[in-house]
Protein chains: 4
Amino acid sequence: MALPPEFHDIAKRVNNWGRWGEADELGTLNLITADVVRAAAATIRAGRRVPLALPLQQDGVQTGMIPGRVNPLHTMVAVNLEMFGPGTVATSDDAVTMGLQAATHWDGLTHVSHGGKLYNGRPADSITAHGGAAFHGIEKAGPLVSRGVLLDVARARGVDRLEGEHAVTPEDLEAAEELAGTEVRSGDIVLVRTGQIQHYLAGDKHAYAFPSPGLSVRTPEWFHARDVAAVANDTLTFEIFPPEIADLWLPVHALDLVEMGMLQGQNWNLEELSQACAEEGRYAFLLSAPPEPFTGGTGAPVAPVAIL
Amino acid sequence: MALPPEFHDIAKRVNNWGRWGEADELGTLNLITADVVRAAAATIRAGRRVPLALPLQQDGVQTGMIPGRVNPLHTMVAVNLEMFGPGTVATSDDAVTMGLQAATHWDGLTHVSHGGKLYNGRPADSITAHGGAAFHGIEKAGPLVSRGVLLDVARARGVDRLEGEHAVTPEDLEAAEELAGTEVRSGDIVLVRTGQIQHYLAGDKHAYAFPSPGLSVRTPEWFHARDVAAVANDTLTFEIFPPEIADLWLPVHALDLVEMGMLQGQNWNLEELSQACAEEGRYAFLLSAPPEPFTGGTGAPVAPVAIL
Amino acid sequence: MALPPEFHDIAKRVNNWGRWGEADELGTLNLITADVVRAAAATIRAGRRVPLALPLQQDGVQTGMIPGRVNPLHTMVAVNLEMFGPGTVATSDDAVTMGLQAATHWDGLTHVSHGGKLYNGRPADSITAHGGAAFHGIEKAGPLVSRGVLLDVARARGVDRLEGEHAVTPEDLEAAEELAGTEVRSGDIVLVRTGQIQHYLAGDKHAYAFPSPGLSVRTPEWFHARDVAAVANDTLTFEIFPPEIADLWLPVHALDLVEMGMLQGQNWNLEELSQACAEEGRYAFLLSAPPEPFTGGTGAPVAPVAIL
Amino acid sequence: MALPPEFHDIAKRVNNWGRWGEADELGTLNLITADVVRAAAATIRAGRRVPLALPLQQDGVQTGMIPGRVNPLHTMVAVNLEMFGPGTVATSDDAVTMGLQAATHWDGLTHVSHGGKLYNGRPADSITAHGGAAFHGIEKAGPLVSRGVLLDVARARGVDRLEGEHAVTPEDLEAAEELAGTEVRSGDIVLVRTGQIQHYLAGDKHAYAFPSPGLSVRTPEWFHARDVAAVANDTLTFEIFPPEIADLWLPVHALDLVEMGMLQGQNWNLEELSQACAEEGRYAFLLSAPPEPFTGGTGAPVAPVAIL
């Protein structure tokens, strides 16, 4: 079963292979220039810092539906250990096992492939169990900072959260852009709020997982047209799930990551940010969101912070 | 064996217990006000972003000297898995096991205790294998952003890196402050460069570990006087190791974390930042360094970024 | 809240502290003599080998009800890696993270404590995050082999499996002993079949977990009278759960492990063995069940085999 | 670079593909019949049990030379946790992360491949990061019990341990067989003692790893002629390392696992067994060594026990 023609039509229009050279491993992160960062710095007025990461804990968002993507298991290797003798300063140390895509994370460009290809035409089998991603590993993304823009689709539509069957369309993004009072532009990191994460925050991780509102297969072209650097949202699946087109699974992943070379963020908690932006009357900010630099990672946890 | 009187003398002078209330879990992070963050934003001129984290990989800085503090083990749970059938979009996923203090990290306030006490007088046995740190868990540190100041002690002393037996003193910090051309002030995060991490970067992790230059037991008073919010450096042990005073192990840890309630950062790669600051002729910047919010963590990995 | 008098009454009657010396770390395993093993060998007639371990996989018996006791996460660190160059012999390697008590396992003598005490009066705080169990670690149990006797309580009662509220009593054990046609004697390892694991094998791990039939608080005295070396069964909780006596949680664990110093096995799959014993008309066999010798482990996985 | 003709010549002579049917996943374990097990039971005379596993601990045999094959990391998830309230029975639980081939283990039939093939002609790419080994997973090996024979090559040669450059030849095996006083026959599990593990037991894991005595490329034909069921020894590499033939890496692995379909065991501690066999004047015993049944595992830890 191949991907359908309508996928390939869009793919051609958003494809960035070769745009930044044959050896490029950054994709749309190339669009974050020094100017973009300076402009981002200029948006800081209140000195307000909003965290966007969920706590990392065993009671995380994973339900077991995706084998191997395990919630963080936090264990102790020392608790008040007086390693230099009785009465000395004691130390406590911890260890963790977790899926790199289990919690608030960035999908790396290698998180999906199609037709045996990764972004920029690299072969999919360059990912191995031994070394992970030989090209486009998440460590290549570097110190990810840019202007962030919250597109609060739920608020723009006057609801607390979108329904599970709601595919976020370019029209939704534009309505939210209008609410934001700023135009999305080259190098921006766009945060799309659906409100779906409220299910998890209320203790229902199954309702959070599925069905889930999310980005429509029509959005990659919109992001491509605006030259967005990266996109994150507050859902487990990023794109609407189950998908809009029968039997076309994860098309947005394939378009964003493989064709455009654009990072995707998932399980970002945008609730406090939504409140803060509404209070400030501003939806643009400096966003700092460097992925933990796991060598060869196909994704990585991130503790993003929006500075308004 | 109890801690010696000279430790307790200093401890009295830098103690912050109760300063921000009995229930406080933030310690000196309370000093990071909105004004501090606004001033930090104003330091951004070049739009230059400098990463300060080491790559997370099995060939990390740990040598096995500290049992349980294991380098990251990166494994794959799926490589190009066509989970929806042949020819569909394929996904790759990874998992990791690592010590929370193994790589570039923040020590949480609970990473050490002495006399059965943690910061703010909390009992050390509030840390358990089951839940980790019940008070002052690293997840409480939140979205850590402030003005960062690089105190490039190695450069100020005209050397590539300090010798292993060099205890960084308040005088060293002041010389570096002069080089920096800015005064360390309330709410700052101070990054102290020794150059020691060059050993690791050159492939010699044993030389990196020990003997190591690091902060003198005299520095906590200096940080306390300046009301610094947090301190990080480019060594495995943070403080000089072996210690300055025979049989007084980890006194700086005990003073910073337990008495002052001040986070410490270790294994931060400050080499590129040293170069960038020298080139820009500026040593202050916006520093974004939110720890990964592990619930109950006594420390956490961080991917810090300096924005100049 | 202390443990009730009726617990302490039984505890006194089954207590083995000091029975094998103050330094003893083996408990009732001392009862497995060379004679016992020789007699066990004599039971082998058919040369039939029956495995008693569940497969170790992510879809294991754990439901998440017990935090930290995670099902095995099997990951790959190399798949057909030609580490010596193209065309050479390729290797595949795996890693695992799991709770030591997650699957088919032995509870070590330190798995529970009460009143701050472990078996033989050792202090409970001799278990630490750093080293695990300093006394009675599971590695001390050694090469555990003895005569095994299946007490097939379900079959003796003429049912496929016992109901969830069924506490297995000494009378049940004696009825099953009669079916077995052999008397339980000193040094035996007794396997008690309830049939409860059928729930898990049929895909319903929640029904398996709870409510669960299991050993009654009256059974430790029976095992003590017979000088049994160890007991295992086919449930998650070993003892009836919820408990027979309101607010008296895990009394059988406390009596078996702490008072008697007798290992307990859980999640043993006794279905094939039940069939094999019925076919052979014999319920005694050589049982080989050495725990994986994790130093300081409070329990360990085991892959037991019954040889008939 | 292909494998040399001399490899392929031997391969043809020892190949078992199709011998037990096209769907076979057991290989030479098919040779362990009920008769073999009955005969093994008859060897038990003293009731003596000898453990053959190394302790599972962070200070294990791995040196870091083989990336990803990590020594066991033992951590605690609960220490004396009174989960049902103060004064109730308290529980302690542990977790572990480890390489399946890190300690005393069986190599599964899929641990190596050559020319894209596994045992019985299965394609090597049937091993995936997602599910591990789809064919011949270690869980298929089942309840591995047979007659064990110690071929104590070191003792037969009158040395404590063989030198690092000693390739164990068929002649060595026959000399040890003579010492053993029994002939190796169909279905036996052969344990070959070199004494090399003394290096590890004395604290020198680097000397243990390399150079190492081990099985010669001439031994697979000998094992094939005797219809041996499985072979284990007391080295890290199983076969002599570095190899006998320049640039022919791991030929014994490829012959045993891929061509013959015969399990290999490594890091078995045969020191106590050597002593016991010499004392008893018998080198045959019942060996119980069921691998931990990790679904899809390309190897697994084992806690073998010899019963004499």
Side-chain angles (χ1 to χ4, degrees), chain A residues 1-2 34 37-38 41 44 46-47 49 51 53 55-57 68-69 74 76-80 84-97 99-101 110-114 124 127 129 132 139 142-143 145 249-250 253-254 288 290 292-298 301 303 305 307, chain B residues 1-2 34 37-38 41 44 46-47 49 51 53 55-57 68-69 74 76-80 84-97 99-101 110-114 124 127 129 132 139 142-143 145 249-250 253-254 288 290 292-298 301 303 305 307:
Chain A
M1 190 177 77
V37 175
R38 271 194 298 261
I44 303 176
R49 294 133 280 158
L56 290 160
Q57 57 193 20
R69 202 178 287 181
H74 178 232
M76 299 306 292
V77 294
V79 171
N80 297 307
F84 300 106
T88 60
V89 173
T91 60
S92 297
D93 263 60
D94 1 34
V96 72
T97 297
L100 292 188
Q101 293 87 356
T110 56
H111 177 53
V112 307
S113 62
H114 72 88
I127 309 171
E139 80 281 12
V145 171
W249 302 94
L250 303 180
H253 279 67
S288 176
E292 287 291 332
F294 285 96
T295 301
T298 70
V305 53
I307 315 170
Chain B
M1 190 177 75
V37 175
R38 272 194 297 260
I44 301 176
R49 292 133 282 159
L56 291 161
Q57 56 193 21
R69 202 178 287 180
H74 178 231
M76 299 305 293
V77 295
V79 172
N80 297 308
F84 299 107
T88 60
V89 173
T91 61
S92 296
D93 262 59
D94 0 35
V96 71
T97 296
L100 292 188
Q101 292 88 356
T110 56
H111 177 55
V112 308
S113 62
H114 73 87
I127 309 171
E139 81 281 11
V145 171
W249 302 93
L250 302 181
H253 278 68
S288 177
E292 287 291 330
F294 285 96
T295 301
T298 71
V305 52
I307 314 171

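Chain letters run A, B, ... following the sequence lines, proteins first and then strands; every chain starts at 1.
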Q. A:T91: what forms a side chain to side chain donor-acceptor pair (under 3.5 Å) with it, not counting sequence neighbours?
A. none
Please state whether the side chain, the backbone, both or neither of [X] comes within less than 4.5 Å of a heavy atom of chain B.
X	result
A:T110	backbone
A:I307	side chain
A:V96	both
A:V77	side chain
A:E139	neither

Q. With a 4.5 Å limit on heavy-atom distance, are the side chains of B:F294 and B:P301 in contact?
A. yes
Q) So do B:T295 and A:L56 actually touch side chain to side chain, heavy atoms under 4.5 Å? A) no
If you count heavy-atom pairs within less than 4.5 Å of chain B, which of [options] leads?
options	answer
A:H253, A:H74, A:H111, A:E292	A:E292
A:A90, A:P290, A:A46	A:A90
A:T97, A:V37, A:V112, A:D94	A:D94
A:G142, A:G132, A:G297, A:A53	A:G297
A:L250, A:I44, A:V89	A:V89

Q | Which residues share a salt bridge (Lys or Arg N to Asp or Glu O under 4.0 Å) with B:R69, sequence neighbours left out | A | A:D93
Q. If you look at every heavy atom in B:V305 and A:S288, which pair is closest and at what distance?
A. CG1-OG, 3.4 Å
Q) Using a distance-only test with no angle check, is there a side-chain donor-acceptor pair under 3.5 angstrom linking B:T298 and A:S92? A) no
Q. Any idea which of B:S113, B:A78, B:G296 has the most non-hydrogen atom pairs under 4.5 angstrom with chain A?
A. B:S113
Q: Quick one: which of B:G99, B:A124, B:A254 has the most heavy-atom pairs under 4.5 Å with chain A, could you say?
A: B:A124
